[in-house]
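Worksheet: the structure to be examined is printed underneath.
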4 protein chains.
Amino acid sequence: MSAKAAQKKERQEKILEAAIKAFSINGYHNSTVATIAREAGIADGTMYLYFKGKEELLISAFTFIMDNFLEKLEVKLAEAKNPLEKLKCIVTYHLTELSKDPDRAKFLQLELRQPAESVRRGIAKPLSLYMRKIDSLVEEGKESGMVRKDLPTKVIRRVIFGAVDETISSWIRRKDAAPIGSEAEAVFEVLLGGMAAR
Amino acid sequence: MSAKAAQKKERQEKILEAAIKAFSINGYHNSTVATIAREAGIADGTMYLYFKGKEELLISAFTFIMDNFLEKLEVKLAEAKNPLEKLKCIVTYHLTELSKDPDRAKFLQLELRQPAESVRRGIAKPLSLYMRKIDSLVEEGKESGMVRKDLPTKVIRRVIFGAVDETISSWIRRKDAAPIGSEAEAVFEVLLGGMAAR
Amino acid sequence: MSAKAAQKKERQEKILEAAIKAFSINGYHNSTVATIAREAGIADGTMYLYFKGKEELLISAFTFIMDNFLEKLEVKLAEAKNPLEKLKCIVTYHLTELSKDPDRAKFLQLELRQPAESVRRGIAKPLSLYMRKIDSLVEEGKESGMVRKDLPTKVIRRVIFGAVDETISSWIRRKDAAPIGSEAEAVFEVLLGGMAAR
Amino acid sequence: MSAKAAQKKERQEKILEAAIKAFSINGYHNSTVATIAREAGIADGTMYLYFKGKEELLISAFTFIMDNFLEKLEVKLAEAKNPLEKLKCIVTYHLTELSKDPDRAKFLQLELRQPAESVRRGIAKPLSLYMRKIDSLVEEGKESGMVRKDLPTKVIRRVIFGAVDETISSWIRRKDAAPIGSEAEAVFEVLLGGMAAR
DNA sequence: GATGAATGAGCTTTCATTCAT
DNA sequence: CATGAATGAAAGCTCATTCAT
């Protein structure tokens with residue numbers, strides 16, 4: 001039975017990967033179930049045995065990526081010693097990880113902004129987990145005296161997330177093959193010390 | 001003839017406004033030409049006398065907003081005395097201006113990320129103008145000694161833009177009625193001085 | 001404008017006739033919108049400009065037939081002098097009229113028995129009108145002393161309607177080309193005098 | 001072997017009952033093989049070991065009910081002494097029996113009118129047996145002098161069958177919980193003596 | 001025999017676009 | 001110029017049937 005379950009999981013992931021690829025290239029609305037199915041090597045109808053519909057496929061794909069992303073992030077974070085290092089780790093990891101796989105990056109950037117309310121709801125939780133993670137690290141930083149206490153945690157978090165998000169976005173816009181992990185240092189330096197000269 | 005041209009322009013703007021409203025509420029793909037036409041008070045076919053198609057309507061709407069946005073931004077910037085003040089002005093203006101009209105904000109945040117290559121191309125120029133503007137202010141800042149020279153201009157720009165962009169995004173996600181212009185101060189403070197305690 | 005309205009009505013009837021034909025041959029569920037549209041000489045999508053959907057088409061077709069049926073029935077009934085003659089008129093008319101057009105007859109016999117609740121509701125009114133008509137004639141018959149008063153009106157009505165309905169049904173089952181209007185006499189004789197020998 | 005055969009028969013009946021239930025509630029076309037299989041406690045594919053397909057299931061279900069119906073009818077008829085009593089027995093039995101089980105009644109009324117020619121053919125025999133039965137009783141009635149000889153047997157039969165059929169139909173339409181066996185008396189009285197006052 | 005995952009044909013419906021008026 | 005009825009391609013989804021296990 002374990003073999004069967006494994007095969008099922010494998011197929012599910014194949015569909016998810018096909019979906020991510022299709023969505024990242026053409027966007028959700030311009031991707032057809034037929035195309036995704038063909039890419040995944042299954043029949044159209046088979047997709048509906050694994051996902052309720054196209055929309056659930058989108059949400060599942062997003063959750064799939066985010067879960068994996070957050071899981072690996074935790075491993076990385078364990079290596080960092082203090083809150084600031086952990087925050088730097090997040091910046092580095094976010095940029096490095098996403099620049100590894102342009103499909104995945106594009107998918108996240110694009111589909112994160114779905115207007116359909118149902119999609120927003122489905123996507124909300126894993127995204128929120130990430131935000132909460134940053135929040136808690138900022139709080140820890142404040143407690144340990146390494147982060148300024150005169151600024152709202154949420155504002156700091158938005159600047160951090162916005163910075164990495166936009167760095168990825170512009171990378172995608174440029175269709176630059178060059179990885180952007182190397183920029184993590186500079187980005188974090190701005191976040192840390194600000195742009196003002198002293 | 002001038003009267004005719006004026007009427008034409010007026011009608012064009014009416015269509016654009018209807019399109020922006022529809023796109024921002026339901027997204028590009030869930031908005032129909034028929035709905036937009038009805039909202040604009042014209043017949044379906046009439047739209048095609050003013051725009052090549054639905055996609056051009058999207059691009060035009062984006063350009064329309066951005067042009068207006070940049071135009072008004074220049075006026076504001078004229079009041080600021082030095083590069084840092086100008087950058088603060090941008091942050092403040094971006095947040096204030098967009099939080100005035102949630103529809104427009106949503107439209108910009110969501111539809112900016114269209115995957116269709118043709119849309120990306122059409123959108124690129126006005127967006128690029130904005131980026132260039134920030135870039136030049138950062139450069140000026142460096143020259144005047146107010147901005148750190150040890151960091152790439154592009155990186156600084158991305159952090160600035162990402163910060164305001166994400167602030168707007170999260171505001172939209174929260175569906176918070178409260179305006180966020182008031183957060184400009186804090187956001188800029190982070191950008192300016194960084195999050196690290198001294 | 002009248003020309004336009006006329007053309008619209010004409011096209012609507014063309015669609016209805018195509019639907020009746022298709023439904024009567026293959027039944028509602030085995031008929032496709034595409035087939036009906038082709039038969040009516042229009043594009044698939046055009047049907048949706050005239051009817052909300054396939055189901056509304058079914059209900060409209062039924063109502064269309066029944067309205068016409070009842071209208072012409074009234075004309076016929078005006079010629080009959082007393083309640084019994086009127087009832088005989090109904091029997092004769094029902095059999096004659098339906099046997100004129102097998103498509104229509106089959107359609108009525110088949111689709112009258114749709115299990116979908118929404119269809120039942122849509123069909124209910126015109127069917128009910130017919131039943132009520134028979135009821136009122138039976139009542140008149142009782143009042144005038146021509147019809148037995150010791151039997152519930154509804155029971156009599158059901159026997160009358162059932163008799164003609166089944167006569168049509170069996171005619172359809174036999175696929176008998178022979179018209180059955182001629183059987184009206186015998187059917188009514190049974191209804192009138194019963195089967196028992198005296 | 002007998003045990004095996006018995007189990008097979010039992011399972012077959014279970015499937016038929018599940019089918020009848022599903023068909024009567026949602027109609028043939030809105031019932032899925034999957035639903036029927038689940039209701040019968042078997043796998044989808046198993047159905048195909050007992051029936052050639054969905055359509056054969058429909059025909060078998062109809063035949064199953066009719067066979068049972070006719071079998072029990074014969075028992076009842078044995079109690080009646082003369083042709084007229086036997087005909088009354090049929091009317092009473094038909095109404096009583098069907099009003100016992102609304103599901104079955106609905107199924108017979110609705111699905112009897114399937115347009116698909118193959119279904120019509122499959123259904124024809126058992127239905128015909130019932131018609132023939134009534135015919136022969138009418139003939140007997142004529143021979144024994146209890147039934148009028150001036151009317152075609154078929155016409156009389158159609159009136160009889162139509163009367164009970166419509167009584168059931170209207171009962172279903174009304175969704176009346178009240179059993180209609182009690183109306184048999186009145187219905188038969190109309191059939192026997194006609195509606196005309198003397 | 002029994003299973004149920006997989007298939008893929010086929011359906012209804014939507015909607016951007018066209019063009020006769 | 002403006003209209004809006006007509007178009008028809010395209011898409012998501014269902015479900016009877018098959019067949020490897």
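Basis for what follows: all heavy atoms, side chains included, without hydrogens, waters or symmetry-related copies.
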Given F:dT7, F:dA5, F:dT3, which nucleotide is nearest the side-chain atoms of B:D44? F:dA5
Strand partner of E:dT21, provided both Watson-Crick or wobble distances fall under 3.5 Å: F:dA2
Once you round it to whole Å, what is the distance between C1' of E:dA6 and CD of A:Q12? 16 Å
Measuring from the side chain of C:T46 (C-beta onward, heavy atoms only), which nucleotide among F:dA6, F:dT14, E:dT3 has the closest atom? F:dA6
Specify whether C:F107 and C:F62 have parallel, tilted or perpendicular ring planes, treating 30° as the upper limit for parallel and 60° as the lower limit for perpendicular. tilted
Hey, is the main chain of C:Y28 close enough, under 3.5 Å, to the side chain of C:E111 for a donor-acceptor pair? yes
So D:R38, base contact, sugar-phosphate only, or nothing? Heavy-atom distance under 4.0 Å. nothing
Pair assignment for E:dA16, Watson-Crick or G-U wobble, requiring both distances under 3.5 Å: F:dT7
May I have the distance from B:M47 (atom CE) to F:dC1 (atom C1'), rounded to whole angstrom? 16 Å
In this structure, how many angstroms lie between the P atom of F:dC13 and the CG atom of A:L58, rounded? 12 Å
Compare side-chain N and O positions of D:Y50 against OP1 and OP2 of E:dG1 and report whether any pair is under 4.0 Å apart. no
Using whole Å, what does the distance between atom P of nucleotide F:dG4 and atom CZ of C:R11 come to? 17 Å
Find the partner of F:dT14: check Watson-Crick (N1-N3 plus N6-O4 or O6-N4) and G-U wobble (N1-O2, O6-N3) distances, both under 3.5 Å, and reply none if neither fits. E:dA9
Please work out if C:S31 contacts a base, only the sugar-phosphate, or nothing of the nucleic acid, heavy-atom cut-off 4.0 Å. sugar-phosphate
How many Å lie between CG on C:L49 and P on F:dG4, as a whole number? 13 Å
Is C:R104 salt-bridged to C:E17, cutoff N-O under 4.0 Å? no
Have a look at A:K52 and say if it touches a base, only the backbone sugar-phosphate, or nothing, with a 4.0 Å heavy-atom cut-off. nothing
Would you mind telling me which residue lines up with the more 5' stretch of DNA chain E, D:A43 or C:G45, judged by nearest nucleotide? D:A43
Separation of atom OH in B:Y48 from atom C1' in F:dA2, rounded to whole Å: 15 Å
May I ask you to say what A:F51 touches in the nucleic acid, namely base, sugar-phosphate or nothing, with a heavy-atom cut-off under 4.0 Å? nothing
Rounding to an integer number of Å, can you tell me how far D:K54 NZ sits from E:dA9 C1'? 16 Å
Cation-pi geometry met for B:K14 and B:Y50 (6.0 Å, 45°): no
Measure CD/B:E55 against C1'/E:dT17 and give the value in whole Å, please. 14 Å
Could B:E117 and A:K175 be called an ion pair, given the rule that one side-chain N must be under 4.0 Å from one carboxylate O? yes
Quick one: is E:dC15 close enough that its OP1 or OP2 comes under 4.0 Å of any side-chain N or O from B:T32? no
Select from A:Q7 and B:Y28 the residue whose nearest nucleotide in DNA chain E is closer to the 5' end of that strand. A:Q7
Does D:S31 offer a backbone N or O that forms a donor-acceptor pair with the side chain of D:T35 under 3.5 Å? no
